[in-house]
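Here the structure comes first, spelled out in structure tokens, and everything after it is commentary.
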Amino acid sequence: MNIYSFSKATVLGLLLLSVGLPVNAQIYSEQTLPGASGSQNTIVVKSVDIDNDGDQDLVLGNEFQQNSILFNLGTGDFMTGNSGFENTLNDTEDIGLGDFDSDGDLDVIFINQGGFGHEYYHNDGNGNFSIAGFLPATNGGSIAVGDVNNDNFPDVILGNLNQVNFCMINNGDGSFNNETNARLPGTVKSTDHVLLEDIDGDGDLDLFFANRDGNEILINDGNGFFEDQSLQRLPQGVNMDTRKACFGDVNNDGKPDLFLANVQFNSNKNPQNRLYINESNGFFTDLTAMLLPQGHNQTTNAAFYDIDQNGTLDLFITNVLENPLQALLNDGTGLFTVRTEGIISSPVMTNEAWGLAIADFNNDDFSDIYISSRMGHDVYLLGDPEAMIPVSTSAVLADHGYFTFPNPAVDDIFLQHPAQINPMNAQIYTLTGELVDHPVLQPIEAETSQLILNKTLMSGLYLLQLQTEENTMVLKLRVE
């Protein structure tokens with residue numbers, strides 16, 4: 001095994017800004033990977049605790065190279081290994097994770113293109129794997145895992161290229177019955193992404209197929225039998241090649257909206273990414289022109305994430321050819337603006353970015369990002385939210401004696417500080433440097449002051465800047 005040693009982010013607790021910190025530095029900063037010139041040609045990456053030790057590992061699906069795992073050592077440092085995966089040079093396109101054999105740990109399915117067979121492994125609970133069995137040898141493009149027939153066992157939907165998609169029903173012991181003909185329409189498409197989501201809000205899992213030749217919505221009848229309702233529910237008229245999709249409530253109305261990551265690998269396709277708003281019970285309206293930046297990025301992946309921790313879903317996208325990783329901030333109504341330069345350090349050194357995993361790898365209470373590359377090297381970005389605060393500081397303060405409570409705060413917010421120091425000024429910022437409140441510091445006793453807010457803060461993570469006669473410091477402030 002080889003050791004991947006990544007730098008660690010700032011420790012938990014009180015986080016202070018030192019002399020010389022640039023104003024509005026990026027939240028995410030790239031860390032150099034050892035052996036970066038040696039690419040694994042990684043198409044897909046999934047973050048999950050695969051060895052049950054309490055931290056997030058990375059499962060890598062590679063193109064014509066052995067698949068592998070980066071085992072997290074608990075600090076954001078990783079050790080790489082294969083742990084029983086076959087040394088076969090398949091063209092892996094997707095990864096399915098689930099406790100298929102009902103033994104309490106996560107098993108792995110690698111979906112391979114070309115019709116040579118998929119790889120299905122059982123986990124011993126410690127991240128060691130053995131061949132579990134075989135799935136139909138399809139020309140695979142994607143996989144989704146979920147209980148489609150409500151028997152409490154994870155089933156599998158296989159998305160295929162130029163072939164019908166498959167529905168594999170789990171018997172509860174990790175073996176599957178191919179019930180495709182009974183449960184799915186026999187449409188032949190080229191599916192690059194499968195999503196299981198309660199699209200119509202009736203409590204069961206429906207299907208979305210992101211296709212190269214027309215996307216599809218299939219509605220579950222509650223027992224795992226699906227009806228194609230694409231024409232009724234999806235906007236029509238745009239010729240797209242959709243490689244990834246993600247659901248998320250972007251306008252805070254309680255309904256899952258839909259982002260489509262599109263490419264123009266064929267000249268007749270429209271490369272504009274699209275945002276569909278869920279108007280009611282899974283009927284979507286295309287509001288791309290109103291809500292998304294116009295552009296011709298070749299977008300291969302996307303993930304909703306609350307980047308600035310203000311309670312609304314923002315967006316990360318990966319692209320090939322240029323702009324490998326972009327960050328788009330949501331104003332709370334679903335209107336997205338590209339804010340990459342203020343959020344991600346430049347450049348992100350990769351080509352053909354395909355895989356995207358967002359998780360707290362180093363246990364500092366903030367997300368990090370791993371981007372996998374098909375032709376280049378993978379990239380690891382550490383999250384450092386404190387870098388965003390616009391502070392001019394002339395000294396470093398000791399970290400003892402300062403904290404806010406309760407944590408997280410709900411209504412009243414109190415500040416603990418040394419008795420001999422009375423902060424004179426307080427400001428509250430979002431993680432992207434936006435000043436949201438200038439609270440009054442009301443002394444309660446010698447070592448305690450209350451923050452009297454001028455407005456109610458939305459749930460999320462904020463930065464509290466405190467000023468004394470001599471110094472400036474910053475604390476995390478979490479609000480529920």
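These numbers were taken from a predicted model, which means no experiment stands behind them.
A salt bridge between Asp94 and Lys46 is present, with a side-chain N of the basic residue lying under 4.0 Å from a carboxylate O of the acidic one. The pair Asp192-Lys244 does not meet the salt-bridge criterion, since no charged nitrogen lies less than 4.0 angstrom from a carboxylate oxygen. Salt-bridge formation is not detected for the pair Asp257/Lys255: no Lys NZ or Arg NE/NH1/NH2 atom is positioned less than 4.0 Å from an Asp or Glu carboxylate oxygen.
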| request: Evaluate side chain to side chain donor-acceptor pair (under 3.5 Å) for Tyr28 paired with Ser345, printing each intermediate quantity in order. | output: CA-CA 6 Å; Tyr28 294 97; Ser345 64; over 6 Å; no
| task | Apply the test side-chain contact (heavy atoms from CB on, under 4.5 Å) to residues Leu205 and Glu197: give CA-CA distance (whole Å), side-chain angles for both, the deciding distance (0.1 Å), then the verdict. | result | CA-CA 5 Å; Leu205 293 176; Glu197 176 82 17; 5.8 Å; no
| Can Leu382 and Phe366 be said to form a side-chain contact (heavy atoms from CB on, under 4.5 Å), step by step? | CA-CA 9 Å; Leu382 284 177; Phe366 193 74; over 6 Å; no
| message | Determine whether His193 and Thr242 satisfy the following criterion, side chain to side chain donor-acceptor pair (under 3.5 Å), listing intermediate values before the conclusion. | response | CA-CA 8 Å; His193 195 196; Thr242 301; over 6 Å; no
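The environment of CE in Met290 is sparse: at most 12 heavy-atom neighbours from other residues, nucleotides or ligands sit within 6.0 Å.
Summarising the geometry, atom CD1 belonging to Ile317 is positioned 4.5 Å from atom CD belonging to Gln326; distances are rounded to the nearest 0.5 Å. Going from atom CZ of Phe208 over to atom CG of Leu234 covers 6.0 Å, rounded to the nearest 0.5 Å. To the nearest 0.5 angstrom, Asn72 atom CG is 7.0 Å from Asp53 atom CG. Taken from CG in Leu329 to OG1 in Thr337, the straight-line distance is 7.5 Å, to the nearest 0.5 Å. Taking CD1 of Ile217 as the reference point, atom CG of Asp206 lies at 8.0 Å (rounded to 0.5 Å). To the nearest 0.5 angstrom, Phe129 atom CZ is 7.0 Å from Ser83 atom OG.
Residues Val250 and Ile277 have side chains in contact (heavy-atom distance under 4.5 Å, counting atoms from C-beta outward). For the pair Leu415/Phe405, no side-chain contact is recorded, criterion being any heavy-atom separation below 4.5 Å from C-beta on. Residues Ile199 and Phe247 are in side-chain contact: their nearest non-hydrogen atoms beyond the backbone lie under 4.5 Å apart. Using a 4.5 Å heavy-atom threshold, the side chains of Leu475 and Tyr462 count as separate. Side-chain contact between Asn425 and His438 is present, with heavy atoms from C-beta onward closer than 4.5 Å. A 4.5 Å side-chain heavy-atom check between Leu464 and Ile428 finds at least one atom pair inside the cut-off. By the 4.5 Å heavy-atom criterion applied to side chains, Phe316 and Ile369 are counted as neighbours. Within the 4.5 Å cutoff, side-chain heavy atoms of Leu292 are placed close to those of Phe259.
Judged purely by distance below 3.5 Å, without hydrogens or angles, the side chains of Thr299 and Asn319 pair a donor atom with an acceptor atom. Between Ser142 and Thr191, the side chains place no donor N or O within less than 3.5 Å of an acceptor N or O (distance only, hydrogens not considered). Of the N and O atoms on the side chains of Gln442 and Gln450, not one donor lies less than 3.5 Å from an acceptor on the other residue. A donor-acceptor contact closer than 3.5 angstrom is absent between the side chains of Gln298 and Gln264.
Taking the six-membered ring where the residue is Trp, Tyr276 and Phe284 present tilted rings, their angle falling between 30° and 60°.
Shown are Leu60, Ile50, Asp378; of these, the side chain to side chain contact (heavy atoms under 4.5 Å, CB included) with Leu70 is made only by Leu60. Screening Thr42, Asn41, Thr92 for a side-chain hydrogen bond (donor to acceptor under 3.5 Å, both in side chains) involving Asn62 leaves a single residue, Thr42. Of the listed residues (Asp57, Thr75, Asp368, Asp77), just one forms a side chain to side chain contact (heavy atoms under 4.5 Å, CB included) with Phe361, and that residue is Asp368. Exactly one of Leu207, Asn211, Ile143, Val156 qualifies for a side chain to side chain contact (heavy atoms under 4.5 Å, CB included) with Val194. That residue is Leu207.
When all heavy atoms of Val145 and Gly96 are compared, the closest pair comes out as CG2-CA, 4.0 Å. The heavy-atom pair separating Asn278 from Gly282 by the smallest distance is OD1-N, 3.0 Å. Residues Leu106 and Asp99 come closest through the heavy atom pair CD2-N, 3.9 Å. The two residues Asp314 and Asn330 come nearest to each other via the heavy atoms OD1-N, 2.7 Å. Contact between Asp198 and Pro256 at its shortest, heavy atoms only, is O-CG, 4.0 Å. In plain terms, the two heavy atoms of Leu97 and Val48 that are nearest each other are CD1-CG1, 3.8 Å.
The main-chain N or O of Ile27 is never found under 3.5 Å from a side-chain atom of Asp384 such that the two would form a donor-acceptor pair. Looking at Asn220, its side chain never comes within 3.5 Å of a backbone N or O of Asp204 through a donor-acceptor pair. Thr300 contributes a side-chain N or O that, together with a main-chain N or O of Ala353, makes up a donor-acceptor pair within less than 3.5 Å. The closest donor-acceptor contact from the side chain of Asp105 to the backbone of Gly125 lies under 3.5 Å. The backbone N or O of Val263 lies less than 3.5 Å from no partner atom in the side chain of Asp241, so there is not a single donor-acceptor pair. Side-chain atoms of Asp306 never come within 3.5 Å of backbone atoms of Leu313 as a donor-acceptor pair (strictly under, hydrogens ignored). Checking side-chain atoms of Ser372 against main-chain N and O of Gly355 turns up a donor-acceptor pair under 3.5 Å.
The ring pair (Phe, Tyr, Trp, His ring centres under 6.0 Å) check on Tyr121 picks up Phe85, with sequence neighbours excluded.
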